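Take a look at the structure below.
Quick caveat: nothing in here was measured; it's all calculated off a predicted structure. Note: hydrogens, waters and symmetry copies are ignored here, and every other heavy atom, side chains too, is used.
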Amino acid sequence: MWPFAGISLSTATLIGSIANWALLVCLLGGMLATFVIVQTTDVKEEHWAEDRKHSSERIAELNNGTARLQADNLVLQTVLLPRHVGLIGLDQEPPAKKWFAGFERWAGTKLLIQVIQGDPEAQNLANEIAIVLSKFGWIPEFIDEKRSGVSLNLSEGLSVLSPSSHKAWDPKNEVQKTFAALGEAAISLARALTNAGLGVGSYPVVGANGAAMVVDFPPESEGEAHNPFRNFSPRLDGVYLQVGSRPVGATMAWIKQGRPDILGNKAADAAPAEAHK
């Protein structure tokens, strides 16, 4: 027998009303629970999305860091290699033929080369430079500290200088015209050496934008007193090339600075330097 078979009408009505209200409450509770579930799920999704974003950023950061370390490592490996100026080509013309193209224009130019003492690699590089330029009619001459009055101890990389005057430019002055021609030759040499991969990181060889040695300060003048080349004797009458050791320290400093370009702009994703040809 059904449990409600013997109840009165009023009782049945009451129980039915209670059941209806209970059902309504359950429906409202279900709707509320569904609303809460949907809303909290959306919030959790936002948090998960933020976590995924941070994870992706961290992974990208780690990947970029790894790429930078690999690039830095390749740069350091490159700078430790013996330096060359493309004197020999493998299955091709020697790269020096392209890098030094047109240098016969300054045939007869005296090139004074000073090499850091006790560094066979630097001496070999200097010898290669002398051989290449002699093929274009330049006149290489090796000098030492006694001639230049300049010590290259602890010197790194290459520097190219030319003589200049402290006097105002006079187009009728033959000496100044000679200095101008030597300055042009020196700049071209520094840029050719830069093209050969002999700069430091993104920086060119010193002298690529011009580096002058004033040679005509009056003997007792303040300019002569502060002239780092005051003991260069006899005075420079050609192009002066300093050949230091491989620029390991300078390259490491460049890397620590963020591998900036020539304008000083840091490039975290800078490409590794090319190996010396």
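Hydrophobic clustering of Ile, Leu, Val, Met, Phe, Trp and Tyr side chains at less than 4.5 Å, counting indirect connections, keeps L125 apart from V206. Under the 4.5 Å side-chain heavy-atom criterion for Ile, Leu, Val, Met, Phe, Trp and Tyr, I187 and V85 are members of distinct hydrophobic clusters. Cluster membership check: W21 shares its hydrophobic cluster with L28, using side-chain heavy-atom separations under 4.5 Å among Ile, Leu, Val, Met, Phe, Trp and Tyr.
Ring geometry, H166 versus F217: the interplanar angle falls from 30° to 60°, so the pair is classed tilted. The aromatic rings of F100 and F136 lie tilted to each other, with the angle between the two planes from 30° to 60°.
Within the 4.5 Å cutoff, the side chain of L189 has heavy atoms near those of the F103 side chain. Using a 4.5 Å cut-off on side-chain heavy atoms (C-beta onward), I139 and T109 make no contact. The side-chain heavy atoms of V214 and S164, taken from C-beta on, include a pair separated by under 4.5 Å. Counting heavy atoms from C-beta on, the side chains of W106 and E184 come closer than 4.5 Å. L241 has its side chain out of reach of S159: every pair of non-hydrogen atoms, C-beta onward, lies at least 4.5 Å apart. P140 has its side chain within reach of I113: a pair of non-hydrogen atoms, C-beta onward, lies under 4.5 Å apart. Counting heavy atoms from C-beta on, the side chains of T178 and D237 never come closer than 4.5 Å. A 4.5 Å side-chain heavy-atom check between R147 and P234 finds at least one atom pair inside the cut-off.
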Report task. Start with the C-alpha distance between Q242 and L152, add both sets of side-chain angles, then the distance that settles side chain to side chain contact (heavy atoms under 4.5 Å, CB included), and finish with yes or no. Result -> CA-CA 8 Å; Q242 296 177 335; L152 296 188; 3.8 Å; yes
Report task. I would like to know whether W99 and T194 meet side chain to side chain contact (heavy atoms under 4.5 Å, CB included); could you show each step before the answer? Result -> CA-CA 9 Å; W99 293 336; T194 299; over 6 Å; no
Query - Derivation and outcome, side chain to side chain contact (heavy atoms under 4.5 Å, CB included), residues R191 and N209 - result: CA-CA 8 Å; R191 291 179 178 178; N209 296 312; 3.9 Å; yes
Report task. Please step through side chain to side chain contact (heavy atoms under 4.5 Å, CB included) for the pair V115 and F142, ending with a clear verdict. Result -> CA-CA 8 Å; V115 185; F142 286 92; 4.1 Å; yes
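Residue E93 places its CD atom among 12 or fewer non-hydrogen atoms of other residues, nucleotides or ligands, all under 6.0 Å distant. No more than 12 heavy atoms of other residues, nucleotides or ligands lie within 6.0 Å of CD in E222, so this atom counts as exposed by the packing criterion. By the 6.0 Å contact criterion, CG on L154 is open, its count of non-hydrogen atoms from other residues, nucleotides or ligands being 12 or less. No more than 12 heavy-atom neighbours from other residues, nucleotides or ligands sit within 6.0 angstrom of CD on Q117.
For D216 and S165, the side-chain atoms include at least one donor-acceptor pair closer than 3.5 Å. D119 and Q123 share no side-chain donor-acceptor pair at under 3.5 Å.
Annotation for V239 and A186: closest pair CG1-CB, 4.0 Å, computed over non-hydrogen atoms. Minimum interatomic distance between P260 and Y203 (heavy atoms only, all atoms of both residues): CG-OH, 3.1 Å. In terms of heavy atoms, P82 sits closest to H84 at O-CD2, 3.5 Å. Counting all heavy atoms, side chain and backbone alike, L182 lies closest to P163 at CD1-CG, 3.7 Å. Contact detail for R235 and V215: the closest heavy-atom pair is NE-O, 3.5 Å. Taking each heavy atom of L87 and K135 in turn, the nearest pair found is CD1-CE, 4.4 Å.
If you take OH on Y240 and CE on M213, they are separated by 6.0 Å, rounding to the nearest 0.5 Å. Rounded to the nearest 0.5 angstrom, I143 CD1 and L112 CG are separated by 5.0 Å. Rounding to the nearest 0.5 Å gives a distance of 9.5 Å between CG of L81 and CD of E121. Note: K110 NZ to L236 CG = 9.0 Å, rounded to the nearest 0.5 Å.
With hydrogens and angles disregarded, a donor-acceptor distance shorter than 3.5 Å links the side chain of Q176 to the backbone of A168. A donor-acceptor pair under 3.5 Å is absent between the side-chain atoms of W138 and the main chain of G108, judged by distance alone. Judged by distance alone, with hydrogens and angles left aside, the side-chain atoms of S245 form a donor-acceptor pair with the main-chain N or O of S155 at under 3.5 Å. Not a single donor-acceptor pair under 3.5 Å links the side chain of W169 to the backbone N or O of K177.
A salt bridge is absent between R83 and E156; no separation between the charged side-chain nitrogens and carboxylate oxygens falls under 4.0 Å.
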